[in-house]
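Heads up, the thing below is written out as structure tokens.
Proteins come first, then strands; the chains are lettered A, B, ... in the order of their sequence lines, and each starts at number 1. Given the structure is predicted, the values throughout are model-derived calculations rather than measurements.
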Amino acid sequence: MDRPHASDGFLRIASRPAARRQDSRRFACNYPRPPIQTRQVLSGAISMYWSKTLIPTSREVPADADIISHQLLIRAGLVRRISAGVYDWLPLGWKSMQKIMDIIRQEMNAIDAQEVHLPALLPAELWKQTGRYTDYGPLLFKLKDRKGSEMILGPTHEECVTELMKACVSSHKQLPLTLYQIQGKFRDEARPRNGLLRVREFFMKDAYSFHSSLESLHETYQAMYQAYVRIFKRCGINAVPVEADSGPIGGDASHEFICPCDAGEDIIVRAVDGSYAANLERAGNARQLSAADAPVGNTGASSRVSTPGASSIADVCNFLKVPQSVLIKTLVYSRQSDDGPRWLVACVRGDHDINEAKLKKIAGNVELADEPAARAAGFTIGFTGPHIVNVLPAQLVIDPDALLLTDAVTGDNEVDVHLTGFNWREHIQEDKLHTARIADIRNITESDKAPNGAALVFSKGIELGHVFKLGTKYSDALAATFLDDRQKSSSMIMGCYGIGPGRIMVAALETLSDADGIRWPMSIAPCHVLITPIKYDGQARQVADNLHTELSQLGMDVLVDDRDQRPGVKFKDADLIGIPVRLVLGDKGLAAGQVEVKLRHMKQAEMLPLEGIARHIADMVNKSRSLPD
RNA sequence: CGGGGCGUAGCUCAGCUUGGCUAGAGCGCUUGGUUCGGGACCAAGAGGUCGCAGGUUCAAAUCCUGUCGCCCCGACCA
């Protein structure tokens, strides 16, 4: 310690003054720089002076920002883009982000989840063990270290945390256990976009729970669900829980929390009476049909028609002057197996869209067939009809609404030819029809009904969080097991629960802003109070400084606009950055012993006596930032 | 990955079609002055290897080729 080495920094600092003297001569200027005075540290409250803070506000709308949240993030100086989908967090944005994270942290801790910090840099080997090194596809950031070892940047941490549990937990007595982390994650998105909505480096709260029984998993899942409801409520944003794709466990095993707004990339389906909400991928009708339900139709009335060049649904309908709802759309899927591709023919009504998630759930990991390969196998892509299964080996999957069609129009498995008067019983060989899968494989539409019969509305929304019963996918793959009370070894049962704090911010900006700028909810505002002296001088300066100290001592986060700017500039900036409470100190008011209190979400300001104003403001802030119930 | 577009000052953009003197505007920034309770005014300034590389040409921001970066729509993705 007393003999510092060059490597520990002491020496460099010690040798600095000479250089500094020279610098100050070279760059001497007349700007009156006040000496840095260390302010008292006040109970963790945020205390800032504008002139000493990096808040690069901008009047111009950035050219590449299309949605409101993106524009405000840049214009209010919250973040700055450094490359596609990668952002710097500036002081105001970071303060708000930290508040969001704190709320999440508090609610996680409240349900006995333990915070950990896991590496962003992970060995590829771990991911190879679970198969996700390839399954995750190009979304995974891959790199090599200097020795050539393969590494990845974690897009999520199931493998990592499961490995941790495997190493540290071996008895049912140690379960259940929930670990969580709030940290940066990385995904090599094909197209980062819309500011913070889809980015390549982002913050994520991920929690992982480990259980010895499904009941225990369910209990934690419920607690987590309720914690999520509280988190979004405390952040002051609207988040609708919707049923989501339930994965391996099935049933009621997954919910997404969606903030409805037009900038969102997800589509949610809700019953008008509020009785049902699901994402589009999941939403469906529980109707069960079998091949026996296929109607007979008008037998013998079918005919082949020439439809030159008409291979799309729209083309065919235009050509034949029929509605899309009488067509059968036939799509060819394939799955790789050892002896070449296995084919699957999926049929939905012409006006319906196939839902690949649903299809995969019943048919395994199929994907839309490669066109040349399918043609080579005998499929006339663009003019395929269900009856191709009579002549080619392929599994047939029929959506119930397609099954119920009679005298339908479909491709006739020949270029430029369609078949009218198609009927399942007439045109599909009996054994083929009876071995066909009849299942819901399409997206529902707004003309469909909720399971209870209620009318449906669609809306766009931002996915803010996701709770999911994982099951044993990762614990199986990584052999994370425990011994139960009868010495039997089982894989730990897992749940995982994610929240995107950045998306919470986006949702707040998208849904709560007005034409003048941001209107932060009190709980996630970078500061509670903005003190705006019309002129930071004389009495106003003294009052501003005193108020700042007093409010800070009361636990308020305070920003003082001490800039030498015209009032108009200060007000415009104040509206833009959206601090909930603004205290304006003007000469006339102060002479009368009054301050102007302007709330960002109110139009009118109010003059209040300076005496006792700090306490009054603190009470008001505390009221609006406490947990609403 | 397919389609479309953009890259000129910190920001927003003009100039490019039809190559030609020292590359422009507004905002922002600096200095001085006047102002100053809702993005002031006057004056004087600073700031750009026109993304990068190569080519065509007497001459390239402008034309050609390549390359990199970025945005939008779609595909993909949670």
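- Rounded to whole Å, the distance from CZ on A:Arg200 to P on B:C77 is 19 Å.
- Between A:His466 and A:Ser254, the side chains place a donor N or O and an acceptor N or O closer than 3.5 Å (distance only, hydrogens not considered).
- Residue order along RNA chain B, read from the 5' end via each residue's closest nucleotide, puts A:Ala190 first among A:Ala190 and A:Glu463.
- By the salt bridge (charged side-chain N to carboxylate O under 4.0 Å, His left out) test, A:Lys572 pairs with no residue at all, sequence neighbours left out.
- Distances from the side chain of A:Ala63 to the nucleotides B:C13, B:A78, B:C27 place B:C13 closest.
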Quiz item: For RNA chain B, what is the dot-bracket line, given that a base pair needs Watson-Crick (N1 to N3, plus N6-O4 or O6-N4) or G-U wobble (N1-O2 and O6-N3) geometry with both distances under 3.5 Å, and | means paired with another strand?
Solution: (((((((..((((......[...)))).((((((.....)))))).....(((((..]....))))))))))))....
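- Rounding to whole angstrom units, CG of residue A:Asn355 and P of B:C76 are separated by 12 Å.
- Between A:Lys535 and A:Asp564 a salt bridge is recorded (basic side-chain N to carboxylate O distance below 4.0 Å).
- One finds a side-chain N or O of A:Arg191 lying less than 4.0 angstrom from the OP1 or OP2 phosphate oxygen of B:C72.
- B:C71 atom P lies 14 Å from atom CZ of A:Arg198, rounded to whole Å.
- Straight-line distance from the CD atom of A:Glu189 to the P atom of B:C71: 13 Å, rounded to whole Å.
- Contacts between residues 558-571 of chain A and RNA chain B, defined by a heavy-atom separation below 4.0 Å, involve A:Arg566, A:Pro567, A:Gly568, A:Val569, A:Phe571, listed by number.
- Residue A:Glu265 is out of contact with every strand shown, counting any heavy-atom pair closer than 4.0 Å.
- In the set B:C72, B:A75, B:C71, the nucleotide with an atom closest to the side chain of A:Asp64 is B:C71.
- Here, B:A44 and B:C11 have their C1' atoms 23 Å apart, quoted to the whole Å.
- Atoms NZ (A:Lys572) and C1' (B:G37) sit 13 Å apart, rounded to a whole Å.
- Aromatic ring pairs are classed by plane angle as parallel below 30°, tilted from 30° to 60° and perpendicular above 60°; the pair A:Trp89 and A:Trp94 is tilted.
- Rounded to a whole Å, the CZ atom of A:Arg193 is 19 Å from the P atom of B:G69.
- A salt bridge links A:Glu150 with A:Lys128: the closest approach of a Lys/Arg side-chain nitrogen to an acidic carboxylate oxygen falls below 4.0 angstrom.
- Nearest nucleotide to the A:His466 side chain, out of B:G39, B:A78, B:C72: B:A78.
- Listed by chain and residue number, nothing satisfies the salt bridge (charged side-chain N to carboxylate O under 4.0 Å, His left out) test with A:Lys598 (two or more places apart in sequence, or in another chain).
- Across the protein-nucleic acid pair, A:Asp66 atom CG and B:G4 atom C1' stand 14 Å apart, rounded to whole Å.
- Between A:Phe186 and A:Phe141, the ring planes lie perpendicular to each other; the angle is over 60°, past the 30° to 60° tilted range.
- Between A:Tyr225 and A:Phe257, the distance separating the two ring centers is shorter than 6.0 angstrom.
- Figure legend: A:Lys142 and A:Tyr136 shown without cation-pi pairing, the cationic atom not lying both under 6.0 angstrom from the six-membered ring centre and within 45 degrees of its axis.
- Other residues, nucleotides and ligands place no more than 12 heavy atoms under 6.0 Å from the CZ atom of A:Arg342.
- For A:Ile267 and B:G74, the CD1 to P distance is 10 Å, given to the nearest whole Å.
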Hey, can you pull the donor-acceptor pairs under 3.5 Å for the side chains in residues 583-595 of chain A, sequence neighbours left out?
none

Quiz item: Could you go step by step and tell me if A:Arg519 and A:Asp575 meet the salt bridge (Lys or Arg N to Asp or Glu O under 4.0 Å) rule?
Solution: CA-CA 8 Å; A:Arg519 291 191 298 181; A:Asp575 289 341; over 6 Å; no
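- Residue whose closest nucleotide on RNA chain B sits further toward the 5' end, between A:Ala65 and A:Arg582: A:Arg582.
- Interface residues of residues 67-92 of chain A facing RNA chain B, ordered by number: A:Arg81, A:Ser83, A:Ala84; criterion, heavy-atom separation under 4.0 Å.
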